[in-house]
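As structure tokens, the structure follows; a few thoughts come after it.
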Amino acid sequence: MMRKKVSKWIAICLAMAMVIGIEPIQAASTDQSKSETGQPGGSEATSGSAVSSPTPTATATATATTSATPNLSAYKPAATTVTARGGSSRVRVTWSKVTDASGYYIYARQSTEVSYQKVATVKSGSTVEYLHKSLVQNATYYYRVSAYRTVNGVDVEGTLSSAVSAATAAVSSTSKSAKKYSTKTKFTKSPAYTTYKKMKSAMSYTRTFPIPGMKNTNVAGFSCTTMVPQGLCLAGSYFLISAYDYKNTDYSVVYVVSRSSKSYITTIVLPSKAKVGGIAYDGTNVWISKGKAVASFPYSVVTDAVNAGKSYIELASYRSVYNLDSTAAYMACHDNILWIGNFSQSASSMKGYSVTNKTTVPSLVPTYTMDVPSKTQGITFDSEGTMILSRSYRTKKSKSGYISQIRTYKPSFGAPKSSGKVLKNAALKVTTMPPMVEGLAVYGTYTYALFSSSYYTSCKYPVDRVIAMKTSKLVE
């Protein structure tokens, strides 16, 4: 009798629970889930639908909810276009930037291999270059690249690019000899030497030296035949010549030349492909153009490069970078002031910056200005404060706006105006030069002039040497 009453009581309670919306508790399953590898998994590897525990209410039946899995394929990046260039035991892989990419996967295989292997993950969507090093020499490698996008912590890989190939090969040393006129006899018969009488009369051939790298430059294991020389300065025991790759393929460089022997020693490979128009030395640091900025590195980089005894060294980064309001086309340092100017088709001005924190993180403070003529390409100063300035534009006289000359001035450095303007005063002398005269430097009583004309086939008066001229003949 008691059992019947209890059973009846339980039935009544269950019926009441259903009326007010309370679900009976279910027993937990004792089945264990498995990971994708088929091994027993813990809570993070649980598979199947997620079950939520409803909260009892007296007015409504609880509704179970599930989290929708995003469709990751909708975030798949597009394919990129890839190129590869072989060097000495290395290949540089470049590709087009993919919109919204978080990074890129680089796959490679040697021609003797069947399958590709992932050789690198580039964790930046804006980086579009990878250097594959320590490769077998004289071997062909194939490359494919895919972009990936990170969505909710998941990397979604895009479509693989088409395959490209490149072969490794030894690279010749940077050339030391003149590009066009290999001997003094040949140079003295050149059109530039025989035509430009004022340069010839001021010139000392024994102090003149070939522009290195014009036949070939070893740019960190890659061969470049399209370097264009731009800036020239004297730094301690060396002449420094800046150059950039006209085709924008290889990194810009600085050639190091012995001040005493006038012979090429080594190359400093810079960390960018900027058109390095100017270069200067402040007694502690070397400054170089970098578009609308100038960058510095310590003089010890030069001495370390020389002492290393290698064909080149790679500069990983600059010590400091100072942004400008215009492109730095030329520069020179005088009395702890770094003068920087922009190339202009009309008369303009250059700025003089005080150099601070030379031994730590060098910086520049705008201090002076000076008017300069149109088409200024280079400046330098002698110990007496004479400013030697080059102007050039175009390779042929027949072209509109052509000019090529060296001008000398005696600026009023000791009496700047309250605004900071330094008067350059009237030109002391104007010397007509062969086309494309660029950077200038003074060593002793001689002014050295660099030309970019040997690169241009359109120039009929190329100069493939740094010309040394008696400074007094450019002034008097």
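Keep in mind that the numbers below use all heavy atoms, side chains included, and drop hydrogens, waters and symmetry copies.
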More than 12 heavy atoms from other groups under 6.0 Å of OH on Tyr456: yes

Lys NZ or Arg CZ of Arg92 over Phe222 ring: under 6.0 Å, within 45°: yes

Check: Lys375 main-chain N/O paired with Arg391 side-chain donor or acceptor under 3.5 Å: no

Within 45° cone and under 6.0 Å: Lys186 NZ/CZ vs Tyr181 ring: no

Arg109 to Tyr116 six-membered ring, cation-pi geometry met (6.0 Å, 45°): yes

Name of the residue among Thr369, Asn342, Asp325 meeting side-chain hydrogen bond (donor to acceptor under 3.5 Å, both in side chains) with Lys351: Asp325

SB check Arg85 Asp250 (cutoff 4.0 Å): yes

Within 6.0 angstrom of Lys275 NZ, more than 12 heavy atoms from elsewhere: no

Test side-chain contact (heavy atoms from CB on, under 4.5 Å) applied to Lys424 - qualifying residues, sequence neighbours left out: Met370, Asp371, Pro373, Met387, Tyr409

Under-4.0 Å salt bridge between Glu157 and Lys118: no

Residues in side-chain hydrogen bond (donor to acceptor under 3.5 Å, both in side chains) contact with Thr83, at least two apart in sequence or another chain: Thr94

Residues, nucleotides or ligands: over 12 heavy atoms within 6.0 Å of Lys310 NZ: no

Worked verdict on Gln405 versus Thr432 for side chain to side chain donor-acceptor pair (under 3.5 Å): CA-CA 4 Å; Gln405 59 182 218; Thr432 303; 5.6 Å; no

Side-chain donor/acceptor of Ser102 to backbone N/O of Thr150, under 3.5 Å: yes

Other residues, nucleotides, ligands: >12 heavy atoms within 6.0 Å of Lys358 NZ: yes

Donor-acceptor pair, side chain of Ser175 and main chain of Ser177, under 3.5 angstrom: no

Partners meeting side-chain hydrogen bond (donor to acceptor under 3.5 Å, both in side chains) with Tyr393 (sequence neighbours left out): Gln345

No-hydrogen, no-angle side-chain donor-acceptor test under 3.5 Å, Ser354 and Tyr368: no

4.5 Å side-chain heavy-atom contact, Tyr299 and Thr284: no

Lys399 atom NZ: more than 12 heavy-atom contacts under 6.0 Å: yes

Flag side-chain contact, heavy atom, 4.5 Å: Lys97 against Tyr104: yes

Polar contact flag, side-chain donor to acceptor under 3.5 angstrom, Thr447-Thr471: yes

Over 12 non-hydrogen atoms of neighbours within 6.0 angstrom of OH in Tyr105: yes

From CA spacing to verdict: ring-ring contact (aromatic ring centres under 6.0 Å, His included), Tyr143, Tyr107: CA-CA 6 Å; Tyr143 294 88; Tyr107 298 90; over 10 Å; no

Side-chain donor-acceptor pair present, Ser363, Asn357, cut-off under 3.5 Å: no

